[in-house]
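Here, residue 1 is the first one in the sequence, and each next residue gets the next number. Every value quoted in this text rests on a predicted model; they were computed, and no experiment measured them.
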Amino acid sequence: MPTSATTAIHQRRSALTPTEQRIATHVLKDPHRVVENSITQLASASGTSVASIARFAQSLGFSGYPDFRLALATELDRTESDRERFQVSAGDVSRDDDAVTTIRKIAFAEASAIERTARQIDVDELERCVHAIRSARRIDIYGTASSGLAAHDLEQKLHRAGLVAQARTDQHLALTGAALLNEKDVAIAISHSGRTLEIVQSAEVAARSGATTIALTNNPRSPLARACELVLITAVSESSFRSGAMSSRIAQLAVLDFLFTRIAQADYDTIADNLQRTYDAVTAHRID
């Protein structure tokens, strides 16, 4: 069962039926009211049926409406506590917010993205990814736009650890590189939506070449998730001012940090030595 009701809606919304999407819009518009609603009341308020509400909850990964409503109530309580900690009111960043309020709201949103992702991450799947990367002959990483920044971040980490890794942010280089992989290799494909054509295509080519494929996405039912053998999921609910380049990237970087740290722990002595050697190599380029 998903840990966050609203994140589950954002992650799976594109796969919902038109009726379920209407319910989703109603829930996101006033989640506090929904928590107070019975299934009959929600069906009436959203202009749907009791059966549609039940299917909606199940489409999001819950056993039924009671489980969905409980998860939503728990999430709202946690969010309210977090907002008090960050001293922000409900709502996204608005055009009229002053600098202090804007900073607090962004800090809240990004901390929330990391916390939700950490609570939802499939640890067993993460460990399978760690095992695949540790034993890989070569690691190709695909990403474009803001996900390309995450790809380069992982490339730099793995490179300094002594692993053969390369970020492929050019589509043609990604596709030609994927065609040369084999069963000893790993391909990591990063896309928040999981629907970026060139990333999905690169993952598909890598899979056909025999490589172990890993998806990092916010959408567990996306084409990218279906194309890859292993899937790591972020838990981000984006909004206008945080779209793409902010909360989603922060969550991606957090998952990549989880992944890299577990790799480093597994090969601690070797990787610690490599990190020190690469640090020493650039020390002379720092100003005292």
Side-chain angles (χ1 to χ4, degrees), residues 1-16 24 28 57-63 67-68 71-72 74-75 78-79 109-133 139 141-151 153-154 186-196 199-200 202-204 206-207 212-239 242-263:
M1 183 180 74
T3 58
S4 167
T6 59
T7 300
I9 291 173
H10 285 284
Q11 288 177 329
R12 297 166 169 81
R13 193 165 187 173
S14 61
L16 298 177
L28 294 175
Q58 292 167 357
S59 295
L60 298 180
F62 298 93
S63 62
D67 282 344
F68 169 77
L72 183 60
T74 302
E75 177 185 351
R78 184 185 296 121
T79 299
E110 298 194 353
S112 177
I114 294 173
E115 289 175 0
R116 289 184 180 189
T117 296
R119 285 195 299 268
Q120 187 172 292
I121 196 78
D122 185 331
V123 176
D124 291 337
E125 192 83 335
L126 180 73
E127 293 295 272
R128 285 188 281 270
C129 294
V130 169
H131 175 75
I133 292 170
I139 304 136
I141 311 162
Y142 313 130
T144 189
S146 62
S147 294
L149 299 176
D153 179 77
L154 181 59
V186 168
I188 303 172
I190 307 173
S191 169
H192 174 76
S193 68
R195 295 178 177 276
T196 306
I199 304 304
V200 176
S202 298
E204 290 173 341
T212 298
T213 51
I214 300 171
L216 174 54
T217 181
N218 198 65
N219 187 343
R221 299 184 181 181
S222 64
L224 181 61
R226 294 195 298 269
C228 292
E229 179 181 349
L230 302 171
V231 183
L232 298 174
I233 304 297
T234 56
V236 178
S237 300
E238 290 192 340
S239 56
R242 298 194 301 271
S243 180
M246 299 177 74
S247 293
S248 62
R249 189 174 72 244
I250 290 294
Q252 288 173 348
L253 293 173
V255 172
L256 296 180
D257 278 347
F258 303 157
L259 184 64
F260 175 74
T261 301
R262 290 298 294 153
I263 293 168

Determine the minimum heavy-atom distance between [X] and [Y], stating which atoms define it.
X	Y	value
L16	S59	CD2-CB, 3.8 Å
I121	A118	CG2-O, 3.4 Å
N218	Q11	O-CG, 2.7 Å
Q252	A150	OE1-CB, 3.7 Å
A132	V186	O-CG2, 3.5 Å
G194	V200	O-CG2, 3.7 Å

>> With side-chain contact (heavy atoms from CB on, under 4.5 Å) as the criterion, how do S193 and N219 come out once you've worked through the C-alpha distance, each side chain's angles and the decisive distance to 0.1 Å?
In response: CA-CA 6 Å; S193 68; N219 187 343; over 6 Å; no

Which distance, rounded to the nearest 0.5 Å, do you find between the [atom1] of [X] and the [atom2] of [Y]?
X	Y	atom1	atom2	result
L216	L230	CG	CG	12.0 Å
I114	S247	CD1	OG	9.0 Å
E229	T213	CD	OG1	5.5 Å
F62	L72	CZ	CG	8.5 Å

Do any N or O atoms from the side chain of [X] and from the backbone of [Y] form a donor-acceptor pair under 3.5 angstrom?
X	Y	result
T217	H192	yes
T117	A235	yes
T234	V236	no
E75	T6	yes
T7	S4	no
R12	R221	no

Within the 4.5 Å heavy-atom criterion, are [X] and [Y] side-chain neighbours or not?
X	Y	answer
L60	I9	yes
I133	I139	yes
I190	L256	yes
T196	T144	yes
E110	E115	no

>> Under the rule for salt bridge (charged side-chain N to carboxylate O under 4.0 Å, His left out), what residues qualify as partners of D257, not counting sequence neighbours?
In response: K157

> Can you list the steps and then say if D122 with L232 is a side-chain contact (heavy atoms from CB on, under 4.5 Å)?
Replying inline: CA-CA 7 Å; D122 185 331; L232 298 174; 5.9 Å; no

>> Looking at E125 and R128, is there a salt bridge between them, counting it only when a charged N and a carboxylate O are closer than 4.0 Å?
In response: yes

> Sequence neighbours excluded, which residues qualify as side-chain contact (heavy atoms from CB on, under 4.5 Å) partners of A189?
Replying inline: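 Once residues adjacent in sequence are excluded, the partners of A189 under the side-chain contact (heavy atoms from CB on, under 4.5 Å) criterion are Y142, I199, A203, L224.
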
> What do the steps show when you test L259 against I214 for side-chain contact (heavy atoms from CB on, under 4.5 Å), and what is the final call?
Replying inline: CA-CA 12 Å; L259 184 64; I214 300 171; 5.7 Å; no

